[in-house]
**Student:** 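Mind looking over this structure? Questions follow.
Quick caveat, the model's predicted, so the values are computed rather than measured.
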Amino acid sequence: MNNAIINLPRPVNEHVKNYLKNSSERILLQKELSRQMNTAIKIPLIIGGKRIFTSKTKTIICPHDHQKILGTYCEAGPVEIELAINEALKAQAVWHAMDWEQRAAVFLKAADLISNKYSAILNAATMLNQSKNMFQAEIDSTCEVADFFRFNAHFMQQIYKSQPISSPGVWNRVEYRPLDGFVVAISPFNFTAIAANLASAPALMGNVVLWKPASTSILSNYYLMELYEEAGIPPGVINFIPCSGSSLANTALIHPELAGVHFTGSTNTFNSIWRNVADHLSIYKNYPKLVGETGGKDYIFAHESCDIDSLAIALIKGSFEYQGQKCSACSRAYIPQKIWGSVKEKLLKELSGLKMGDVSDHNNFINAVIDEKSYYNTLNYIDKAKTSDEAEILFGGNGNMEKGYFIEPTVIVTTNPHFVTMREEIFAPVLTIYIYSDEEYENTLDLVDKTSPYALTGAIFAKDRAVICDLTNKLSFTAGNFYINDKPTGAVVGQQPFGGGRASGTNDKAGSHLNLLRWVNTRTIKETFAPQHHWKYDYMD
């Protein structure tokens with residue numbers, strides 16, 4: 001028996017590798033890219049630790065080279081989903097009973113495996129199947145994944161240490177039990193790290209999980225599953241079940257043992273899940289916890305006192321890194337008329353230097369959007385700007401899908417602050433700018449607040465401290481992650497807890513203890529050492 005009071009290693013953010021030419025990490029990554037490009041993998045379901053191959057399969061492709069098939073994956077149907085539920089519930093007792101530091105050890109080991117063996121594997125898979133360049137893959141599938149594992153273990157220990165006070169003769173304590181049932185994790189394509197956190201955060205807290213990965217990020221997600229197994233996670237704790245949304249909705253989401261849903265994706269999909277759960281409240285053993293990070297229409301608001309060069313770079317990086325396929329990406333900007341000429345000049349100069357193409361050419365800043373549906377959806381929005389007398393294309397505006405789903409970084413300038421590309425989420429490399437005059441300053445702040453239903457990320461640019469204070473206060477509810485003189489993307493685990501409100505989700509802040517609190521079912525215990533022996537109050541005779 002171990003009677004020690006355990007302290008986990010203090011977490012440190014994973015070092016971002018530079019991948020300079022001829023560096024060891026670059027050579028290793030190039031080798032892994034070649035291996036994955038030339039090895040057609042067959043990906044099964046993983047249920048209760050067993051690999052299950054189904055007759056229904058789909059192909060895995062490169063978005064930047066859509067004729068290149070990386071492999072195939074199996075899809076789960078209702079039978080396999082029911083099996084996953086049974087296996088998860090079977091694993092629940094053992095996983096729940098395990099000492100918390102042993103659960104932590106699984107994910108701390110996984111983090112160290114990422115720092116070493118799995119870094120090139122996950123980065124290469126993210127680059128090829130999700131069309132991320134080398135740097136975007138590194139900060140995502142190596143650094144952020146490892147950070148989630150290490151910091152979440154640290155946050156778990158902090159939560160467990162939080163205990164109530166006790167009066168004389170009484171001992172009060174709180175148990176942080178897992179949820180009573182299973183959790184469904186539904187992950188998006190755009191971040192390998194989000195996929196990792198959606199499944200692992202509930203599991204770390206003692207829950208069992210059914211994980212539905214996005215169909216367009218299967219490769220990296222499968223390697224995550226292999227990572228969990230190598231790190232020692234018991235069979236059935238996390239079950240890997242690629243499947244259709246309807247199959248999941250008609251089985252797991254209406255199962256009596258459903259305890260929670262951990263989701264990142266579109267607002268419409270999350271709304272559908274919420275309605276589905278609400279319609280079946282009478283069948284559940286508990287009220288399921290619904291945690292969602294959804295859409296965004298993220299902004300940059302500039303004041304005339306701002307640094308123009310840093311503003312222009314933030315517009316480019318915030319809008320066009322990973323082709324704008326980040327829920328935090330800047331897609332609308334408000335620029336003062338007084339400085340627009342200088343901003344425009346700097347913006348066009350820098351944009352002209354961006355290269356677009358295959359991820360294997362490491363000079364390419366822009367790669368492909370994720371699939372054909374996204375490609376045509378994006379061009380539809382660009383066409384609206386091309387045909388409108390309220391908008392003009394300042395830069396880009398073209399696409400080419402002959403080899404891959406490539407869309408130029410596109411900047412639209414509009415005279416209508418309610419133009420469709422200022423309001424609706426596009427999730428692509430499209431930035432729309434509204435230029436405001438001095439007399440429109442206050443009204444434009446109101447537009448930032450009310451134009452979009454979302455409130456995920458936003459940024460302000462100003463040097464004047466009084467202005468910074470004013471903007472910070474007036475834009476208080478426009479963003480769950482608010483940036484001052486920086487782009488509205490790139491939240492770091494343990495440093496900027498991530499999540500937004502309004503139509504952007506439940507704001508449960510991934511990358512902090514707040515998210516982990518959603519995956520516990522607390523029990524308060526009061527033990528009285530000196531029980532009473534009479535019923536009378538002291539003031540009675």
Side-chain angles (χ1 to χ4, degrees), residues 186-191 194 198 261-275 290-302 314-315 318-334 370 374 377-378 380-381 384 412 414 416-434 443-461 471-484 486-491 496-511 514-515:
I186 304 172
S187 59
F189 76 85
N190 59 333
F191 277 90
I194 293 176
L198 292 182
V261 177
H262 204 189
F263 173 88
T264 295
S266 76
T267 302
N268 286 340
T269 301
F270 191 54
N271 289 348
S272 176
I273 291 170
W274 202 294
R275 282 191 295 268
L290 305 180
V291 176
E293 193 262 287
T294 56
K297 191 64 183 174
D298 311 297
Y299 66 85
I300 289 178
F301 182 91
L315 288 168
S319 304
F320 303 129
E321 283 184 318
Y322 191 42
Q323 298 74 261
Q325 297 175 126
K326 300 182 180 184
C327 45
S328 58
C330 174
S331 61
R332 57 185 173 125
Y334 303 83
I370 194 64
S374 176
N377 180 64
T378 306
N380 180 54
Y381 278 101
K384 289 178 181 178
I412 300 168
T414 182
N416 176 8
H418 297 286
F419 189 69
V420 63
T421 59
M422 290 290 285
R423 290 184 290 106
E424 296 182 10
E425 184 181 37
I426 307 174
F427 219 65
V430 179
L431 166 66
T432 306
I433 297 173
Y434 174 71
N443 183 55
T444 304
L445 287 179
D446 195 51
L447 289 171
V448 174
D449 186 24
K450 296 179 179 176
T451 297
S452 162
Y454 302 106
L456 188 53
T457 74
I460 59 169
F461 276 75
L471 294 178
T472 302
N473 291 331
K474 287 179 178 175
L475 299 175
S476 178
F477 286 96
T478 62
N481 280 62
F482 189 74
Y483 297 79
I484 301 171
D486 200 355
K487 61 187 175 69
T489 64
Q496 298 102 31
F498 190 80
R502 295 181 178 172
S504 290
T506 56
N507 202 12
D508 287 297
K509 296 300 186 196
L514 298 170
N515 182 275

**Student:** Look at the side chain of T478 and the backbone N and O of D449, then say whether any donor-acceptor pair between them is shorter than 3.5 Å.
**Tutor:** no
**Student:** Taking all non-hydrogen atoms of both residues into account, name the closest pair between K384 and F419 and its distance.
**Tutor:** O-CZ, 3.8 Å
**Student:** Give, for atom CE of M422 and atom CG of N416, the distance between the pair rounded to the nearest 0.5 Å.
**Tutor:** 8.5 Å
**Student:** Quick one: does any side-chain atom of K509 pair with a main-chain N or O of N515 as donor and acceptor, under 3.5 Å?
**Tutor:** no
**Student:** What is the distance from atom CG of N507 to atom CG of L456, rounded to the nearest 0.5 Å?
**Tutor:** 8.5 Å
**Student:** Walk me through it: do D508 and T506 pass the test side-chain hydrogen bond (donor to acceptor under 3.5 Å, both in side chains)?
**Tutor:** CA-CA 6 Å; D508 287 297; T506 56; 2.5 Å; yes
**Student:** Is a side-chain donor-acceptor pair under 3.5 Å present for K487 with T489?
**Tutor:**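 K487 and T489 do have a side-chain donor-acceptor pair below 3.5 Å.
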**Student:** Is the backbone N or O of H418 less than 3.5 Å from a side-chain atom of T451, with the two atoms forming a donor-acceptor pair by type?
**Tutor:**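 Judged by distance alone, no pair lies under 3.5 Å.
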**Student:** Set out, in order, the CA-CA distance, both residues' side-chain angles and the distance that settles side-chain contact (heavy atoms from CB on, under 4.5 Å) for F427 and I370, then state yes or no.
**Tutor:** CA-CA 10 Å; F427 219 65; I370 194 64; over 6 Å; no
**Student:** Using modelled atom types only, decide if a donor and an acceptor are shared between the side chain of T267 and the backbone of G295 within a distance under 3.5 Å.
**Tutor:**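 Flag set: sc T267 to bb G295 pair under 3.5 Å.
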**Student:** For the residue pair F477 and A455, what are the closest heavy atoms and their distance?
**Tutor:**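 Minimum heavy-atom contact is O-CB, 3.5 Å.
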**Student:** Could you measure the distance from the CD1 atom of I460 to the OH atom of Y483? Nearest 0.5 Å is fine.
**Tutor:** 13.5 Å
**Student:** Got a second to check how far E424's CD is from Y454's OH, nearest 0.5 Å?
**Tutor:**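 OH of Y454 is found 8.0 Å from CD of E424.
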**Student:** Strictly distance-based, threshold 3.5 Å: is any side-chain N or O of H262 a donor or acceptor partner for the main-chain N or O of L198?
**Tutor:** yes
**Student:** Keeping the roles fixed (side chain from T378, backbone from S374), state whether a donor-acceptor pair exists under 3.5 Å.
**Tutor:**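 Yes, T378 side chain to S374 backbone: donor-acceptor pair under 3.5 Å.
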**Student:** Angle between ring planes, Y322 versus F191, binned at 30° and 60°: parallel, tilted or perpendicular?
**Tutor:** perpendicular
**Student:** Mind checking whether I186 and T269 have side chains closer than 4.5 Å, heavy atoms only?
**Tutor:**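 Result no, sub-4.5 Å side-chain heavy-atom pair not found.
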**Student:** With side chain to side chain contact (heavy atoms under 4.5 Å, CB included) as the test, pick out the partner of P417 among N443, L447, T444, V448.
**Tutor:** L447
**Student:** Measure across Y299 and C330 and return the closest heavy-atom pair with its distance rounded to 0.1 Å.
**Tutor:** C-SG, 4.2 Å
**Student:** Can you measure from CG (L445) to CG (N473) and round to the nearest 0.5 angstrom?
**Tutor:**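 If we round to the nearest 0.5 Å, L445:CG and N473:CG are 11.5 Å apart.
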**Student:** If you look at every heavy atom in F461 and I300, which pair is closest and at what distance?
**Tutor:**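 Smallest heavy-atom distance, with atoms named: CD1-CG2, 3.8 Å.
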**Student:** Locate the shortest heavy-atom distance separating I194 from P188; write the atom from each residue and the value.
**Tutor:** CG2-CD, 3.6 Å
**Student:** I need the minimum non-hydrogen distance between A479 and G458, along with the two atoms involved.
**Tutor:**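 Looks like CB-N, 3.5 Å.
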**Student:** Please check this pair: side chain of N481 against backbone of P497, looking for a donor-acceptor N/O pair closer than 3.5 Å.
**Tutor:**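 Side chain of N481 to backbone of P497, a donor-acceptor pair under 3.5 Å: yes, one is there.
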**Student:** From R332 CZ over to S452 OG, what is the distance, rounded to the nearest 0.5 angstrom?
**Tutor:**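 Here the interatomic distance stands at 5.0 Å.
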**Student:** With side chains defined as the heavy atoms from C-beta onward, is the minimum distance between V420 and Y381 less than 4.5 Å?
**Tutor:**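 A side-chain contact under 4.5 Å exists here.
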**Student:** Between K297 and E425, is there a donor-acceptor pair closer than 3.5 Å when you use the side chain of the first and the backbone of the second?
**Tutor:** no
